[in-house]
Amino acid sequence: MKTIQSQINTEFIKLESLLKFEGLTETGGEAKERIQAGEVKVNGEVCTMRGKKLRPGDKVTLDDLCVEVL
């Protein structure tokens with residue numbers, strides 16, 4: 001599994017925004033569909049909330065990619 005580190009300059013970033021920002025999905029619509037389909041994990045657990053607030057230390061997994069929020 002490949003790990004990407006994503007630096008944020010705010011208190012949090014929403015899950016849907018992170019997927020778009022890091023290029024894991026092409027559009028917000030695709031991000032929404034994949035999240036609601038249960039394809040995305042946050043800290044090892046399936047997350048279906050596209051507005052989930054991610055903070056430094058959180059890890060998001062989609063397919064064979066892991067994004068660590070810094």
Side-chain angles (χ1 to χ4, degrees):
M1 179 175 295
K2 182 179 177 185
T3 300
I4 301 169
Q5 294 182 330
S6 182
Q7 180 76 42
I8 61 171
N9 299 317
T10 56
E11 181 183 346
F12 65 87
I13 185 170
K14 291 184 179 180
L15 177 57
E16 165 178 65
S17 298
L18 180 75
L19 295 180
K20 273 193 328 189
F21 179 70
E22 287 300 332
L24 300 179
T25 59
E26 294 288 320
T27 65
E30 181 187 349
K32 176 183 173 183
E33 288 175 12
R34 297 198 69 183
I35 292 167
Q36 290 179 337
E39 297 178 29
V40 180
K41 290 184 180 180
V42 176
N43 298 325
E45 296 182 17
V46 172
C47 181
T48 56
M49 298 181 302
R50 70 181 205 249
K52 169 86 173 153
K53 293 178 181 176
L54 303 171
R55 293 179 167 79
D58 286 333
K59 292 184 179 180
V60 176
T61 307
L62 177 63
D63 298 330
D64 61 347
L65 291 174
C66 177
V67 178
E68 182 178 2
V69 181
L70 301 177

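None of these values were measured; they are calculated from a predicted model. Nothing fancy with the numbering, it's 1 onward along the sequence.
Summarising the geometry of Asp58 relative to Leu54, their closest heavy-atom pair is OD2-CA, 3.3 Å, with the distance given to 0.1 Å. Taking both residues in full, the closest heavy atoms of Ser6 and Val67 are given as CB-CG1, 3.7 Å, listed atom of the first, atom of the second, then distance.
Put simply, the side chain of Met1 reaches to within 4.5 Å of the side chain of Thr61, judged on heavy atoms. Looking at heavy atoms from C-beta onward, Glu16 lies in side-chain contact with Ile35 at the 4.5 angstrom threshold. The closest side-chain heavy-atom distance from Cys47 to Val40 is not below 4.5 Å.
For the atom pair NZ (Lys52) and CD1 (Ile13), the distance works out to 14.0 Å, reported to the nearest 0.5 Å. Considering CD of Glu22 and CD of Gln5, their distance stands at 10.5 Å, rounded to 0.5 Å.
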Under the criterion side chain to side chain contact (heavy atoms under 4.5 Å, CB included), I'd like the reasoning laid out for Gln36 against Arg50: C-alpha separation, chi angles, the key distance, then a yes or no. CA-CA 8 Å; Gln36 290 179 337; Arg50 70 181 205 249; 4.1 Å; yes

Under the side chain to side chain contact (heavy atoms under 4.5 Å, CB included) criterion, do Leu70 and Gln7 qualify, and how do the steps go? CA-CA 5 Å; Leu70 301 177; Gln7 180 76 42; 3.7 Å; yes

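If you chain together hydrophobic residues whose side chains sit under 4.5 Å apart, Phe21 and Leu15 never meet in one group. Hydrophobic clustering of Ile, Leu, Val, Met, Phe, Trp and Tyr side chains at less than 4.5 Å, counting indirect connections, unites Leu65 with Val69.
Applying the side-chain hydrogen bond (donor to acceptor under 3.5 Å, both in side chains) criterion to Ser17, with sequence neighbours excluded, gives no partner residue. Take Glu39 and apply the side-chain hydrogen bond (donor to acceptor under 3.5 Å, both in side chains) test, not counting sequence neighbours, and it matches Arg34.
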For residues 23-32, which side-chain donor-acceptor pairs fall under 3.5 Å, sequence neighbours excluded?
from, atom 1, to, atom 2, distance (Å)
Thr25, OG1, Thr27, O, 3.4
Thr27, OG1, Gly29, N, 3.4
Thr27, OG1, Glu30, N, 3.0
Glu30, OE1, Glu26, N, 2.9

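Judged purely by atom type and a 3.5 angstrom limit, Asn43 uses its side chain to pair as donor or acceptor with the backbone of Lys59.
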